[in-house]
A.B. asks: 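Mind looking over this structure? Questions follow.
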Amino acid sequence: MRLSRFFMPILRETPKEAEIVSHRLMLRAGMLRQETAGIYAWLPLGLRVLNKINAIIREEQNRAGAIEMLMPTIQPADLWRESGRYDDYGKEMLRIEDRHEREMLFGPTNEEMVTEIFRAYVRSYKDLPLNLYHIQWKFRDEVRPRFGVMRSREFLMKDAYSFDLDQAGAEHSYARMFTAYLRTFARMGLKAIPMRADTGPIGGNLSHEFIILASTGESEVFCHKDFLQFDTPAADIDFDDSRAMAAVVDKWTSRYAATSEMHDAAAFEALAEGERVSARGIEVGHIFYFGTKYSQPMRAVVNGPDGKETFVHMGSYGIGPSRLVAALIEANHDDAGIVWPRSVAPFDVGLANLKVGDAATDAACQDLYEKLSSAGVDVLYDDRDERPGAKFATLDLIGLPHQLIVGPKGLAEGKVEVKDRRTGARETLSPEEALNRLAARGDS
RNA sequence: CGGGGUAUAGCGCAGCCCGGUAGCGCAUCUGCUUUGGGAGCAGAGGGUCGCAGGUUCGAAUCCUGCUGCCCCGACCA
């Protein structure tokens with residue numbers, strides 16, 4: 001992508017409404033535009049990151065055996081009357097009336113709808129286990145939206161719903177998602193720690209929040225330092241092996257970990273001093289097992305092996321991709337701007353032409369741009385007629401993992417420069433060496 | 001939902017107390033010079049001063065009402 005033809009409205013000054021660093025940087029980098037309180041337009045750069053995150057989530061959900069679908073944002077109120085949540089949910093639910101004066105709502109979550117779909121088609125235990133997920137916009141009319149997309153009213157959510165014949169099966173499904181979540185966050189370069197959680201309005205009796213550690217996080221968390229060294233489950237782990245799945249959950253729940261709401265100070269103090277980690281955290285995922293809470297009132301039943309009808313056991317599993325964009329920035333930034341982990345960066349490489357209009361520099365940049373692009377490297381080519389300082393500042397702000405800096409001074413000696421955004425390390429290389437270096441990184 | 005702020009050009013702000021033809025910086029446009037860490041000079045464009053009433057010869061400024069947005073708390077993927 002040529003920057004001169006891209007739409008990336010960066011700001012030099014921070015809009016005053018932005019309080020936390022991720023919100024400030026998202027506005028400054030031209031990723032996001034607030035339309036009204038808690039409702040945002042995703043500009044091209046922001047959308048690229050959101051899509052990268054979604055792609056990782058999809059891969060890991062699919063790997064764990066979940067199946068993607070897409071349910072609507074607007075739902076009929078009657079569905080929610082069946083579960084009893086239409087009245088319970090309160091003012092956080094955005095209620096709408098259509099032209100026929102039918103009561104509708106903008107979905108804050110999808111347990112009712114997915115249960116309705118399930119019961120319409122599934123009759124036999126032989127079709128279980130089943131896990132359906134989608135990535136869809138949700139609306140919760142928060143009393144006080146704040147911190148940009150960290151707590152917005154409209155937000156994107158990946159929500160998965162599992163259906164099993166009994167509790168043992170449901171616990172296996174829970175463990176699959178637990179494992180998938182560990183892998184998902186690890187692939188984004190995040191240290192996510194599962195913490196036992198309240199089940200809230202979703203209901204149920206087994207639940208974990210996945211909290212990532214970030215110095216600017218919203219809430220205080222306490223955990224054993226072993227979590228920082230635990231290995232992420234491998235990509236080839238057998239998700240159908242219920243023992244292997246249970247082992248993952250056992251391992252990742254074997255040490256103390258709690259948010260401030262669930263904190264047990266005595267238990268934490270019982271740990272040796274060197275084992276205690278208290279930090280700040282951001283909730284990026286939340287999983288629930290809630291048994292027959294919805295299948296019973298909504299009559300989602302299957303015939304078991306014994307020929308009798310049984311209410312299915314369900315769980316639901318949420319990740320907020322839009323919040324993750326902000327959380328990733330909270331965990332990855334410095335004074336100059338964002339520092340994207342490779343796996344979610346909007347582009348792999350920022351190519352800075354330091355003297356647009358200089359024939360040799362233009363030609364060298366064009367050549368590198370074409371060769372990197374055809375090698376599968378996603379390049380943002382800054383071909384604007386700006387001074388070098390402005391280009392460096394822009395590239396640092398938007399945080400692409402690598403900068404390829406090409407100017408007449410270097411070219412006179414046959415050299416270009418490759419800068420690593422995270423470490424700041426610079427290498428002076430020939431264009432061919434730079435190409436090999438960056439193309440190799442594009443593979444992983 | 002309680003408490004506190006704030007609203008003037010795309011962004012950041014001054015002007016308001018003490019009423020008199022709306023200003024600064026950045027950004028944008030034109031020209032020239034410049035080009036390895038947010039350039040310089042010269043010029044230009046851009047605002048029904050959040051909305052609605054009121055007071056006044058005259059309101060960004062004073063008064064009344066409303067609305068948006070932000071922050072702190074209680075609540076949350």
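Being a predicted model, the structure only gives us computed values, none of them experimental. To find a chain, count down the sequence lines: A is the first, B the second, and so on, and within it residues start at 1.
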A.B. asks: Do the two ring centres, one from A/F178 and one from A/W252, sit under 6.0 Å apart?
C.D. replies: no

A.B. asks: Can you tell me how far C1' in B/rC24 sits from the matching atom in B/rU64, rounded to whole Å?
C.D. replies: 33 Å

A.B. asks: Can you tell me which nucleotide in B/rC11, B/rG38, B/rG37 comes closest to the side chain of A/E13?
C.D. replies: B/rC11

A.B. asks: How close do A/V406 and A/A364 get, counting heavy atoms only, and between which atoms?
C.D. replies: CG1-CB, 4.2 Å

A.B. asks: Answer yes or no: is there a donor N or O on one side and an acceptor on the other, between the side chain of A/R140 and the main chain of A/P108, under 3.5 Å?
C.D. replies: yes

A.B. asks: Of A/L397 and A/M157, whose nearest nucleotide on RNA chain B comes first from the 5' end?
C.D. replies: A/L397

A.B. asks: Take atom CD of A/E35 and atom P of B/rC70, then tell me their distance rounded to the nearest Å.
C.D. replies: 13 Å

A.B. asks: Please report the distance, rounded to the nearest Å, between CZ in A/R33 and P in B/rC69.
C.D. replies: 13 Å

A.B. asks: Grab the CZ-C1' distance between A/R24 and B/rC71 for me, whole Å please.
C.D. replies: 14 Å

A.B. asks: Which residue pairs pass the side chain to side chain donor-acceptor pair (under 3.5 Å) test with at least one member in residues 173-182 of chain A, sequence neighbours excluded?
C.D. replies: A/K158-A/Y181, A/D164-A/S173, A/Y174-A/H208, A/R176-A/D240

A.B. asks: Expressed as a whole number of angstroms, how long is the span from A/D362:CG to B/rU35:C1'?
C.D. replies: 13 Å

A.B. asks: Quick one: sort the A/Y40 and A/H23 rings into parallel, tilted or perpendicular, breaks at 30° and 60°.
C.D. replies: perpendicular

A.B. asks: Between the main-chain N or O of A/T109 and the side-chain N or O of A/Q75, is there a donor-acceptor pair closer than 3.5 Å?
C.D. replies: yes

A.B. asks: Kindly point out which of B/rC70, B/rG36, B/rA77 is positioned nearest to the side chain of A/Q34?
C.D. replies: B/rC70

A.B. asks: Students often mix this up, so state it plainly: with edges at 30° and 60°, are the rings of A/F222 and A/F268 parallel, tilted or perpendicular?
C.D. replies: perpendicular

A.B. asks: How far does the C1' atom of B/rU55 sit from the matching atom of B/rU8, given to the nearest Å?
C.D. replies: 22 Å

A.B. asks: A/G407 or A/E92: which one's nearest nucleotide on RNA chain B is closer to the 5' end?
C.D. replies: A/G407

A.B. asks: Pick base, sugar-phosphate or nothing for A/K138, based on heavy-atom distances below 4.0 Å to the nucleic acid.
C.D. replies: nothing

A.B. asks: Determine the Euclidean distance between corresponding C1' atoms of B/rG23 and B/rG68; express it in Å to zero decimal places.
C.D. replies: 25 Å

A.B. asks: Taking the side chain of A/R146 as heavy atoms from C-beta outward, which of B/rC75, B/rC11, B/rA77 is closest to it?
C.D. replies: B/rC75

A.B. asks: Under 6.0 Å between ring centres, would you say that holds for A/F6 and A/F347?
C.D. replies: yes

A.B. asks: Which heavy atom in A/L27 sits nearest to a heavy atom in A/A18, and how many Å separate them?
C.D. replies: CD1-CB, 3.7 Å

A.B. asks: If we take the P atom in both B/rU61 and B/rU48, what is their distance in whole Å?
C.D. replies: 16 Å

A.B. asks: Scan every strand shown for a Watson-Crick or G-U wobble partner of B/rG58, both distances under 3.5 Å, and answer none if you come up empty.
C.D. replies: none

A.B. asks: So if I take every side-chain heavy atom of A/T394 and compare against B/rG12, B/rG38, B/rC70, which nucleotide ends up nearest?
C.D. replies: B/rG38

A.B. asks: When both hydrogen-bonding distances must be under 3.5 Å and the geometry is Watson-Crick or G-U wobble, what is B/rC16 paired with, if anything?
C.D. replies: none

A.B. asks: Select base, sugar-phosphate, or nothing to describe what A/S152 touches, counting heavy atoms under 4.0 Å on all strands.
C.D. replies: base

A.B. asks: What class does the angle between the rings of A/F185 and A/F210 fall in, given that below 30° is parallel, 30 to 60° is tilted and above 60° is perpendicular?
C.D. replies: tilted

A.B. asks: Between B/rC71, B/rG68, B/rA77, which nucleotide has the shortest distance from any of its atoms to the side chain of A/T36?
C.D. replies: B/rG68

A.B. asks: Expressed in angstrom and rounded to an integer, what is the separation of A/F147 atom CZ from B/rC72 atom C1'?
C.D. replies: 10 Å

A.B. asks: Distances under 3.5 Å only, N/O to N/O: pair up the protein atoms with those of nucleotides 29-34 of chain B.
C.D. replies:
unit_1	atom_1	unit_2	atom_2	d
B/rU34	O2	A/R387	NH1	2.9

A.B. asks: Each nucleotide in nucleotides 2-9 of chain B should get exactly one letter: B, S or -. Can you fill that in based on protein heavy atoms under 4.0 Å?
C.D. replies: ----S---

A.B. asks: Using a heavy-atom cut-off of 4.0 Å across all strands, would you classify A/D358 as base, sugar-phosphate, or nothing?
C.D. replies: nothing

A.B. asks: To the nearest Å, how far apart are A/I212 CD1 and B/rA77 P?
C.D. replies: 16 Å

A.B. asks: Which part of the nucleic acid does A/L354 contact within heavy-atom distance under 4.0 Å: base, sugar-phosphate only, or nothing?
C.D. replies: base

A.B. asks: Using 0.5 Å steps for rounding, measure from the CG atom of A/D383 to the CE atom of A/M1.
C.D. replies: 11.0 Å

A.B. asks: My understanding is that a pair needs two contacts under 3.5 Å, Watson-Crick or G-U wobble. By that rule, which nucleotide pairs with B/rG68?
C.D. replies: B/rU6

A.B. asks: If we take the C1' atom in both B/rA27 and B/rG38, what is their distance in whole Å?
C.D. replies: 12 Å

A.B. asks: Once you apply a heavy-atom cut-off of 4.0 Å, does A/R426 come out as touching a base, just sugar-phosphate, or nothing?
C.D. replies: base

A.B. asks: Are any of A/R12's side-chain N or O atoms less than 4.0 Å away from OP1 or OP2 of B/rA27?
C.D. replies: yes

A.B. asks: Please confirm whether A/R119 makes a cation-pi placement over A/Y294, using NZ or CZ under 6.0 Å from the six-membered ring centre and within 45° of the ring normal.
C.D. replies: no

A.B. asks: Paired with B/rU48: which nucleotide, if any, by Watson-Crick or G-U wobble criteria at under 3.5 Å for both distances?
C.D. replies: none

A.B. asks: For B/rC13 versus B/rU6, give the span between their P atoms, rounded off to a whole number of Å.
C.D. replies: 12 Å

A.B. asks: Could you measure between the two C1' atoms, the one in B/rG46 and the one in B/rC57, and give it in whole Å?
C.D. replies: 31 Å

A.B. asks: Quick check: any donor-acceptor pair below 3.5 Å linking the side-chain of A/E417 to the base of B/rG36?
C.D. replies: yes

A.B. asks: Give A/G410 one of three labels, base, sugar-phosphate or nothing, depending on what nucleic acid heavy atoms sit under 4.0 Å from its own.
C.D. replies: base

A.B. asks: Nearest whole Å is fine: how far is B/rG38 C1' from A/I405 CD1?
C.D. replies: 15 Å

A.B. asks: CD of A/E17 versus P of B/rG12: gap in Å, rounded?
C.D. replies: 7 Å

A.B. asks: Is there a side-chain polar atom (N or O) of A/K409 under 4.0 Å from OP1 or OP2 of B/rG36?
C.D. replies: yes

A.B. asks: Choose from B/rC1, B/rA77, B/rC75 the nucleotide whose nearest atom is closest to any side-chain atom of A/K91.
C.D. replies: B/rC1

A.B. asks: Do the side chains of A/E330 and A/R280 get close enough for a salt bridge, i.e. N-O under 4.0 angstrom?
C.D. replies: no

A.B. asks: What distance, rounded to whole Å, do you find between the two P atoms, one in B/rA60 and one in B/rA39?
C.D. replies: 38 Å

